[in-house]
Amino acid sequence: MSPEEFRRAGREVIDWLADYQAGLDDHPVLPDVSPGALADKLPPAAPDYGESIEEILEDFGLQIEPHTVAWRHPGFMAYFAAGGSGPGALAETLAAGLNNVGLLWKASPALAELEQVTLRWLGQWLELPPEWFGILHETASEASLHAVIAARESARQVDETAGKGFSLDKVVMYASEHAHMSIEKTMLALGQGRDACRKIAADAEFRMRPEALEEAVERDLAAGLRPIAVGATIGTTSVTSVDPVDRIADVCERHGLWLHVDAAYAGPCAMLPELRGRFAGIERADSFLVNPHKWMWAPMGCSALYTAHPEEFRRAFSLTPDYLRTEEDPRAVNFMEYSIPLGRRFKALKLWLLMRYFGREGYRSILREQIGWAQELAGRVEAHTDFELMAPAPFSLVCLRYRPEGLPEADLDAVNERLLTAINAGGEFFLSPTRLHGRYVIRVAIGNLLTQQRHVERLWELLQEEAARLAR
Ligand code: PLP
């Protein structure tokens with residue numbers, strides 16, 4: 001593609017995206033399609049000869065986009081804020097245009113250094129301990145896997161130094177029953193088995209119970225097992241509950257366990273002094289993660305992992321074959337020594353651009369606004385005789401259900417499922433369900449950059465209208 005052709009097509013792509021964003025309010029969030037609808041439309045084999053970019057872009061608009069979900073839509077409230085942003089898309093375009101691959105510092109000094117600088121900036125905003133080492137991952141799942149590998153390596157080191165030996169098949173870790181499945185999956189991926197991640201019971205407000213954690217650790221120790229780590233969450237996926245990190249850290253300290261804190265969604269709220277209390281104890285973590293690709297509107301593929309023990313990651317992952325040897329310099333960080341991937345994308349570019357574009361105060365004011373709308377909605381739900389707030393709303397997620405007077409408990413799950421289906425079928429909103437205390441619950445996750453107060457108000461109207469229609 002010549003620079004002229006690239007320029008022409010690039011303008012067309014940006015124009016298309018700008019029009020798309022401008023028209024989102026009148027665009028359905030979910031496509032009205034059945035599985036296979038797109039696959040059946042496309043040719044069974046790729047072309048033998050190249051086609052013009054104009055033709056390809058036209059097909060993108062006609063065939064591909066209509067089958068996409070509008071994640072950037074103001075009514076997209078199903079999953080945590082992951083709608084990205086205009087400036088994020090521009091940063092991603094620049095990164096793809098340069099296509100630097102961060103094998104080593106030498107392979108892209110800007111990639112390696114910008115990652116360190118932006119993670120230091122972000123650490124300052126979130127008031128993380130300044131000595132923590134940060135590394136960007138594609139996803140929180142990948143970051144947690146690396147953290148648990150480092151935790152296991154650290155436990156092995158401790159035991160072997162003490163001359164005790166270390167048996168892989170004895171390894172166990174702990175997380176609340178509300179922790180994200182990615183924590184449990186680390187044990188699966190490491191071949192420890194799913195049961196090696198002990199699910200710790202939560203209290204009535206869905207927070208891990210430190211006493212139950214302590215009991216589980218003691219039971220496992222008595223059975224000759226080797227507890228290595230605890231995964232605590234600030235902002236759990238189903239309900240955004242906050243585990244008592246400080247008290248969990250006490251248990252970890254008593255038993256020499258690695259504390260991994262997952263704040264994938266809620267982490268940016270550490271910027272807000274008024275919510276700082278929800279992060280009490282994070283400075284005691286061994287590893288901590290936050291996803292800028294969620295509530296900081298970076299395009300997908302930007303999860304920041306911090307650790308107080310980079311040396312454990314290095315011990316676990318450092319392996320330098322001859323073909324990758326370069327001169328040693330302490331300022332030339334090679335991230336391949338701290339994680340599994342060798343090839344790394346220029347993820348820091350989007351974080352750098354976004355942090356400059358919004359600034360700390362910009363982020364703070366949008367987060368506060370969105371949290372405020374969620375609190376307002378929670379208040380309305382709570383005050384309504386026919387609706388029920390199903391959990392506290394410490395951030396911007398509201399868990400609710402319709403519970404009209406006179407309808408037996410046994411029917412409520414089905415009624416709420418129908419309510420959710422009706423809302424999602426309407427095209428204006430996309431909500432998702434969960435189960436809390438065994439009951440079907442509707443989640444309203446506010447956090448999309450294009451969402452405005454009027455959208456949240458409209459959703460509340462629609463929920464009442466649809467619910468009333470169902471009751472008739
Ligand atoms: N942790 C929490 C608390 C989450 O809510 C999620 C996703 O919503 C994840 C981890 C997984 O994030 P990722 O998709 O980046 O792996």
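In listed order, ligands and their atoms are each counted from 1. The figures here come from the full heavy-atom set of this structure, side chains too, leaving out hydrogens, waters and symmetry mates.
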Close approach of [X] to ligand 1, heavy atoms, under 4.0 angstrom:
X: N291; result: yes
X: H137; result: no
X: Y265; result: no

Does an N or O from [X], backbone or side chain, lie closer than 3.5 Å to an N or O of ligand 1?
X: E138; result: no
X: S141; result: yes
X: H293; result: yes
X: S182; result: no
X: G235; result: no

(request) Using only heavy-atom distances, determine whether the side chains of H260 and S287 contain a donor-acceptor pair under 3.5 Å. (result) yes

(request) Scan side-chain atoms only and decide if H178 and S176 contain a donor-acceptor pair under the 3.5 Å cut-off. (result)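 Side chains of H178 and S176: no pair found under 3.5 Å.
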
(message) If we check ring-ring contact (aromatic ring centres under 6.0 Å, His included) with Y363, which of these qualifies: Y357, W297, W121?
(response)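 Only one option passes, and that is W297.
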
(message) Closer than 4.0 Å to some heavy atom of A264 - which atoms of ligand 1 meet that?
(response) 1 (N), 2 (C), 10 (C)

(message) Less than 4.5 Å apart, side chain to side chain, heavy atoms only: is that true for Y338 and F133?
(response)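 A side-chain contact exists here, since the closest heavy-atom pair is under 4.5 Å.
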
(message) Check R435 with D413, please: is the shortest side-chain N to carboxylate O separation under 4.0 Å?
(response) yes

Please list the nearest protein heavy atom to [atom] with its residue and the distance rounded to 0.1 Å.
atom: atom 5 (O) of ligand 1; result: T237 OG1, 2.9 Å
atom: atom 11 (C) of ligand 1; result: H180 CE1, 3.3 Å
atom: atom 1 (N) of ligand 1; result: D262 OD2, 2.6 Å
atom: atom 15 (O) of ligand 1; result: A140 N, 2.7 Å
atom: atom 8 (O) of ligand 1; result: K294 CE, 3.2 Å

(message) Less than 6.0 angstrom from the centroid, inside 45 degrees of the normal: does R72 satisfy that with respect to the ring of Y20?
(response)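 Because its charged atom misses either the 6.0 Å distance or the 45° angle limit, R72 does not stack over Y20.
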
